[in-house]
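Structure first, commentary second.
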Amino acid sequence: MLRLISLAVLVLVFWLGTRRLRLIPTRGQSVIELGLGFVRNNIAYEMLGEKDGKRFLPLLTTIFFVVLFCNITGVIPLLNLGSTSVIGLPLVLAVAAYVAFIYAGLKKHPGAFLKNSLFPSGVPWPLYILLTPIEFLSTFVIRPVTLTLRLMMNMFVGHMMLVLLFSSTHFFLLGAPWAMKAIGVGTLGAAFAFTLFEVMVSVLQAYIFAVLTAVYIQLALAEDH
């Protein structure tokens, strides 16, 4: 349900912000352009250069804003759960990044991508017995797994911290003796502070996921492949 709500709000925000594009942008259009420009200049072009950045910009933009909008539900009252704190969505996004990474490598270096990924040049051939399994795990298994777990666990832990702080506040203010109610004031302040911190984490995790996707694509496009 939260994922559907996040998707509906994301589509609505972009539709409202871009339905009447003007040379002198409105406030809504300015916000949309600022977000799109951030992904384009600070992620796509920064990591991949202008040519390849344009190719993968739609994917990176989609990943950034989907992760952001699904993260932010964790701090919205009555929702209170980031839909990226359950493994399904992070796994789907990691698979999309993984497919893009493989596609970029095979498209740019069709005859050498897999070979150079698994059998780096300049290594004595007996070492391939040890090195090739390690390269396979690190390149084709660990990357999507770490993408998934990094996002999921950050949002899950943040959710649990907010649950703990607000539950403690409820207990100390409404259920504890009068002498302990001051503790509830402290936990309430900590809960609000941690809510602001979670907003920052939501944006940061969206940025990190998109940047790592771009980095993996850049590695696949590198000339040494």
Side-chain angles (χ1 to χ4, degrees), residues 1-21 25-40 42-44 55-103 143-167 170 191-192 194-214 216-217:
M1 180 68 72
L2 289 176
R3 290 165 184 165
L4 293 176
I5 292 172
S6 299
L7 177 61
V9 172
L10 178 59
V11 172
L12 180 63
V13 166
F14 273 84
W15 178 72
L16 291 175
T18 59
R19 60 177 177 162
R20 295 177 181 175
L21 296 176
T26 61
R27 291 182 180 178
Q29 183 180 334
S30 297
V31 172
I32 296 298
E33 289 180 354
L34 182 64
L36 293 175
F38 173 79
V39 178
R40 180 190 63 204
N42 294 282
I43 300 177
R55 289 175 57 204
F56 293 97
L57 181 59
L59 172 67
L60 298 173
T61 302
T62 300
I63 285 177
F64 178 84
F65 284 103
V66 166
V67 173
L68 176 60
F69 275 65
C70 289
N71 284 351
I72 211 70
T73 56
V75 297
I76 296 177
L78 303 180
L79 299 180
N80 298 115
L81 178 66
S83 50
T84 49
S85 63
V86 182
I87 196 169
L89 182 58
L91 181 59
V92 169
L93 294 173
V95 169
Y98 179 79
V99 170
F101 155 69
I102 299 296
Y103 165 80
R143 284 181 183 177
V145 170
T146 53
L147 270 179
T148 302
L149 295 181
R150 180 184 294 105
L151 175 59
M152 184 194 75
M153 294 308 298
N154 271 282
M155 302 313 300
F156 176 78
V157 170
H159 171 70
M160 294 306 297
M161 285 296 298
L162 289 176
V163 169
L164 176 63
L165 290 170
F166 280 112
S167 298
H170 182 272
F192 280 115
F194 200 82
T195 297
L196 297 177
F197 178 74
E198 274 298 287
V199 173
M200 183 188 71
V201 170
S202 297
V203 178
L204 183 61
Q205 287 302 313
Y207 174 75
I208 290 173
F209 202 105
V211 164
L212 287 177
T213 301
Y216 294 156
I217 292 172

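Values below: every heavy atom of this structure, side chains too, minus hydrogens, waters and symmetry copies. We number each residue from 1, following the sequence as shown.
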All N/O donor-acceptor pairs, side-chain side in residues 80-90, below 3.5 Å, sequence neighbours left out:
{"from": "N80", "atom 1": "OD1", "to": "L78", "atom 2": "N", "distance (Å)": "2.9"}
{"from": "S83", "atom 1": "OG", "to": "C70", "atom 2": "O", "distance (Å)": "3.4"}
{"from": "T84", "atom 1": "OG1", "to": "N71", "atom 2": "OD1", "distance (Å)": "2.4"}
{"from": "S85", "atom 1": "OG", "to": "G82", "atom 2": "O", "distance (Å)": "2.5"}

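- Other residues, nucleotides and ligands place no more than 12 heavy atoms under 6.0 Å from the CZ atom of F156.
- To the nearest 0.5 Å, the span separating CZ on F101 from CG on L212 amounts to 12.5 Å.
- L60 and A210 get closest at one heavy-atom pair: CD2-O, 3.6 Å.
- In this structure, CE on M155 lies 7.5 Å from OG1 on T73, to the nearest 0.5 angstrom.
- Residues V13 and F65 fail the side-chain proximity criterion, which asks for heavy atoms closer than 4.5 Å.
- A distance of 11.5 Å separates CD of Q205 from CE of M153, quoted to the nearest 0.5 Å.
- Under the 30°/60° scheme for interplanar angles, the aromatic rings of Y103 and F56 are found to stand perpendicular.
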Would you sort out whether V66 and F209 count as a side-chain contact (heavy atoms from CB on, under 4.5 Å), showing the intermediate values?
-> CA-CA 11 Å; V66 166; F209 202 105; over 6 Å; no
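- Of all the heavy atoms in L162 and A191, the pair that sits closest is CD2-O, 3.9 Å.
- The closest side-chain heavy-atom distance from F14 to L36 is below 4.5 Å.
- A heavy-atom distance below 4.5 Å is not found between the side chains of I208 and L151.
- Ring geometry for F38 versus Y207: interplanar angle of 30 to 60°, hence tilted.
- From L204, atom CG reaches atom CG of N154 across 8.0 Å, with rounding to the nearest 0.5 Å.
- Taking OG1 of T213 as the reference point, atom CG of L93 lies at 8.5 Å (rounded to 0.5 Å).
- Annotation: side chain of L7 is not in contact with side chain of F69 (no heavy-atom distance under 4.5 Å).
- From E33, atom CD reaches atom OG1 of T26 across 8.5 Å, with rounding to the nearest 0.5 Å.
- Nearest approach of V67 to A206, heavy atoms of both residues: CG1-CA, 3.5 Å.
- You'll find the side chain of T61 stays beyond 4.5 Å of the side chain of F64, heavy atoms only.
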side-chain contact (heavy atoms from CB on, under 4.5 Å) between E198 and H159, worked out = CA-CA 9 Å; E198 274 298 287; H159 171 70; over 6 Å; no
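- The closest side-chain heavy-atom distance from Q29 to R20 is not below 4.5 Å.
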